[in-house]
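Input: a single structure, listed below in structure tokens.
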Amino acid sequence: MKQGRISARRPRLIDKLAITVLLVLFSFSTAQNRGGHLEVAIAEPIPSLDIQRAITPGIVDLLINVVEPLVLKDFGGQNLPGLASSWEMSEDGLTYTFHLLEGVKFHDGTDMTAEDVVASLQRMKAVSGTSWETEDMESFEAVDEYTVQVNMSRPFTGLVDRLATAPSGWGIMPKEIAEEVGDAELTGDQVIGTGPYILADFVPQQSWNLERFEDYHGQFEGEPSHKAGVRNSYLDTIRITRVAEPATRLSGLLAGDYDLVAGLSSDDLPVLENQPGFVTNIVPGALGWYLKFNSIEGPFANETLRDAVRVSIDPEEIMAGFGDPRTWELNVYPRFHPTSPYHLDINEEYYYPSDVELGRALVEQSGYDGEPIRILASRDLAGWFIPAIGIAPMMEEIGLNVELITVDRAAQLDIANDTGNWEMKTSYSTPIRRFGVMGFHGRHRPGPRWGWSDAEHQYYEEVLFRDASRTQEALERLAEIELERSGQIWLGHSAMLHGAREGVEGLPYSHYLTLWNVWLDE
Amino acid sequence: MTVYIARRFLGLIPVLAIIAVIAFFILRVAPGDPTAMLLPQDASAEDIDRLRERLGLNRPLPIQFFEWFGSLVTGDFGISFHSRSPVLETIAQRVTPTIWLAVSAQLFAILVAIPGGIIAAIRQNSWWDKGVTLFALGGVAIPNFWFGMLLVMLVSINLRWLPSQGFVDPFDDPINGIRRLILPTITLGYAQAAQIMRMTRSSMLDVMRLDYVRTARAKGLQERTTLFRHALINAMNPIITVIGFSVASLLSGAIVVELVFNYPGIGQLVVEAVGRRDFPLIQGVLVLLAAMTLVVNFFVDVSYSIFDPRIRYE
């Protein structure tokens with residue numbers, strides 16, 4: 001274990017109790033009104049409506065209200081019944097059987113059966129942009145009208161988690177649509193799901209109108225949490241408008257053009273709180289931020305130099321760049337949020353001591369010769385540049401020659417593809433969506449494995465994917481390795497912020513724009 | 001004259017072709033892979049390769065160019081990488097709001113600037129003149145986005161007189177449409193008005209010092225006739241030149257104004273397309289905007305002879 005990483009300072013985490021209270025506050029009561037129209041502004045673009053190809057948060061925000069998957073994930077990361085009321089995995093991990101809800105209607109009035117699920121999963125496999133998610137799903141069978149069997153090409157214990165966490169949510173559509181559209185692009189009139197709202201019409205890339213689905217099955221149970229729990233459709237109609245500029249979203253809310261705005265910035269909080277008639281909704285743990293070292297080539301291939309940075313930086317000062325302290329929290333291992341059952345209590349020895357003198361000594365010891373340290377960041381989202389801006393002067397303070405490269409997201413991704421282009425970059429993980437096996441499964445793609453040995457890969461292949469009972473053990477081992485290797489500077493989580501006018505109740509307690517329990521108190 | 005106009009018009013074609021070449025290759029040189037914006041971060045190399053193949057990005061650049069250019073001359077602008085819908089269709093959806101904004105802003109600018117410039121010129125060094133100069137300086141100095149935000153804060157948030165954003169076609173809903181057009185029009189038109197006003201003032205001052213204006217006055221013509229039939233008409237050519245040039249700045253200014261007012265025009269479209277590296281869409285918009293600018297300037301050139309009979313094109 002490395003010395004010099006021990007600190008008495010504990011990271012400030014959102015109290016689990018506060019989360020529970022919030023959940024209760026946001027949970028539904030019996031006094032909800034039915035009816036009314038809601039104007040919503042969202043930040044993310046929705047360039048396409050093909051949920052099965054979709055990767056942008058905007059598409060998920062819109063269609064999560066329209067299309068439903070087999071399995072739902074709650075805020076704590078548990079997989080709960082969705083259109084599949086129950087499921088089981090064969091002992092060899094090669095076969096999954098899903099039992100479907102009965103009496104579920106699609107928006108076109110037809111009943112959902114196993115045939116629809118099979119056709120939807122087949123299309124997903126055909127068009128998904130991430131083949132590693134689907135390649136081991138060998139075949140799908142309709143065992144009877146309400147039972148579907150998924151046959152795997154290799155044992156895998158994480159399929160249910162995958163179905164619940166994939167960005168598209170593996171939405172189920174009618175067989176006729178899935179077969180008709182094939183691998184072409186799903187158009188707006190083909191977006192037919194089983195969700196509480198129907199996509200009625202839309203102006204491409206501008207606004208989307210939803211209408212209540214009167215025949216909604218309403219069979220999901222439990223406290224509303226993230227994607228899971230009871231779903232209602234209180235509102236008659238909803239219009240979702242894409243508003244790119246943050247200041248424009250806020251002014252739209254203040255001027256009364258919108259009732260609810262998703263994706264506010266931290267700076268907007270005091271503005272709304274100082275105005276009568278508005279409420280804010282802070283959903284913690286949206287994204288877990290870290291700075292990744294290029295440990296493959298360049299100066300940071302030297303572990304001592306990586307340690308020099310780790311021991312000298314002050315993560316609290318870096319995260320303070322996110323603004324209002326309610327919108328961020330420190331977490332020395334933000335792969336899992338404290339609300340996740342997989343959250344790990346990290347030993348204090350991994351906390352950053354913020355010891356600049358020690359950092360300087362380690363720089364000296366590493367033999368660093370003044371090579372430029374290029375920190376690659378994107379200016380498109382605060383989280384992509386705040387950590388970079390925060391850490392740069394701290395690294396300069398210990399004698400590193402830092403060069404900050406800020407480009408747009410597309411350029412950042414392109415530049416980052418070549419490890420010869422950067423020494424450090426900002427990155428994030430999505431603590432709920434990809435908790436557990438998802439993130440590790442992604443590592444099976446070809447390319448640099450960032451120091452993961454074949455033996456470690458084999459371990460995860462065997463333990464994480466084949467023996468669900470050892471998941472916690474595997475995750476702890478993973479955390480230990482990741483923290484030991486100093487491959488990243490782990491920072492903490494940023495929150496998702498919503499703002500609304502007073503009278504908009506049941507605001508989503510989710511990082512997605514789940515509108516099914518929103519109602520108007522007027 | 002006809003021969004000149006035809007020759008001048010034909011001259012637009014190679015200019016447009018050069019712009020198309022630049023638009024195509026500059027995007028390929030700039031960093032940013034379109035597939036990175038279409039796939040999740042954890043997509044495999046095979047997934048990326050398959051997508052590049054589907055989008056035609058794996059073929060040699062000259063082949064990509066000639067295919068795109070060949071389609072362009074037949075009016076096919078290609079398919080958007082992201083929405084998978086025809087580029088021309090996407091542009092058509094966004095061009096109507098931009099035309100409304102550009103035309104209304106230009107009209108606002110002309111209606112404010114030309115009378116303002118004339119008043120400033122005929123009352124040189126008066127408080128009117130100083131007021132007009134201050135107005136013009138403000139228009140040049142104040143950034144569009146800031147002015148737009150101030151208007152939103154005052155008119156939409158505090159006074160609640162007008163909506164803060166969005167577009168409704170005035171042909172579909174005249175009252176709502178015009179209400180939503182007012183703030184973007186003023187924001188975009190102010191900077192244009194400032195430039196035109198300064199040019200009108202100085203051009204009028206130049207002309208009013210010339211002998212024929214003095215002669216017109218000396219022979220007892222009404223001041224209004226002197227101003228409008230003799231002075232203004234001869235001062236128009238520089239003003240028209242500024243108006244012509246301002247079309248380009250109007251379109252670029254629209255990008256900022258459209259963002260501030262969430263106005264779904266070409267400006268917003270191109271900003272988003274650039275961010276996503278949607279090559280066919282960016283190329284299509286650039287070629288179309290260039291064509292619009294060239295055509296407007298062509299008409300400006302031709303119009304010189306209408307205001308100044310001495311100009312004859314051979």
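Order of the sequence lines sets the chain letters (A, B, ...), proteins ahead of strands, with each chain counted from 1.
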### Query
Do B:Pro31 and A:Gln412 touch side chain to side chain, with heavy atoms closer than 4.5 Å?
no
### Query
Could you give the distance from CD (A:Gln206) to OH (B:Tyr263), rounded to the nearest 0.5 Å?
10.5 Å
### Query
Just wondering, do A:Gln205 and B:Gln268 contact through their side chains at under 4.5 Å, heavy atoms?
no
### Query
So, do B:Gln93 and A:Pro204 sit near enough that their side-chain heavy atoms are less than 4.5 Å apart?
yes
### Query
How many angstroms lie between CG in A:Leu250 and CD1 in B:Ile157, if you round to the nearest 0.5 Å?
7.0 Å
### Task
Name the region of A:Ala247, side chain, backbone, both or neither, that has any atom closer than 4.5 Å to a heavy atom of chain B.
side chain
### Task
Indicate yes or no: does B:Arg277 engage A:Asp408 in a salt bridge with an N to O separation below 4.0 Å.
yes
### Query
Would you say the side-chain atoms of B:Arg160 pair up with the backbone N or O of A:Ala255, donor to acceptor, closer than 3.5 Å?
yes
### Task
Look at B:Val260, B:Leu162, B:Val152, B:Asn158 and state which one has the largest set of heavy-atom pairs under 4.5 Å with chain A.
B:Val260
### Task
Please state whether the side chain, the backbone, both or neither of A:Thr241 comes within less than 4.5 Å of a heavy atom of chain B.
side chain
### Query
Less than 4.5 Å apart, any side-chain heavy atom of B:His82 and any of A:Ser48?
no
Please set out all donor-acceptor pairs under 3.5 angstrom arising from side-chain atoms of residues 279-287 of chain B, sequence neighbours excluded.
residue	atom	partner	partner atom	Å
B:Gln283	OE1	B:Arg28	NH1	2.2

### Interchain contact, B:Thr35 with chain A, by part (heavy-atom threshold 4.5 Å)
neither
### Task
Verify, without hydrogens or angle tests, whether A:Asp257 (side chain) and B:Ser164 (backbone) share a donor-acceptor contact under 3.5 angstrom.
yes
#### Entry: Nearest non-hydrogen partners of B:Ser83 and A:Glu185, listed with the distance
O-CG, 4.2 Å
## Note on the structure
Bottom line for B:Leu259: the part with an atom under 4.5 Å from chain A's heavy atoms is both
### Task
Mark yes when over 12 heavy atoms from residues, nucleotides or ligands other than B:Ile26 sit less than 6.0 Å from its CD1; otherwise mark no.
no
### Query
If every non-hydrogen atom of A:Asp414 is compared with every non-hydrogen atom of B:Gly32, which pair is closest and at what distance?
OD2-N, 2.8 Å
### Query
Which bit of B:Met153 comes within less than 4.5 Å of chain A, counting heavy atoms only: side chain, backbone, both or neither?
neither
#### Entry: Distance-only donor-acceptor check, side chains A:Thr248 and B:Asn262, under 3.5 Å
no
### Message
Under the rule for ring pair (Phe, Tyr, Trp, His ring centres under 6.0 Å), what residues qualify as partners of B:Phe145, not counting sequence neighbours?
### Response
none
### Query
So with a 6.0 Å cut-off around CG of B:Leu159, is the heavy-atom count from everything else above 12?
yes
### Query
Could you give the distance from CG (A:Leu413) to CG (B:Asp33), rounded to the nearest 0.5 Å?
9.0 Å
### Message
Taking side chain as everything from C-beta outward and backbone as N, CA, C, O, which of these in B:Gln165 sits under 4.5 Å from a heavy atom of chain A? Side chain, backbone, both or neither.
### Response
both
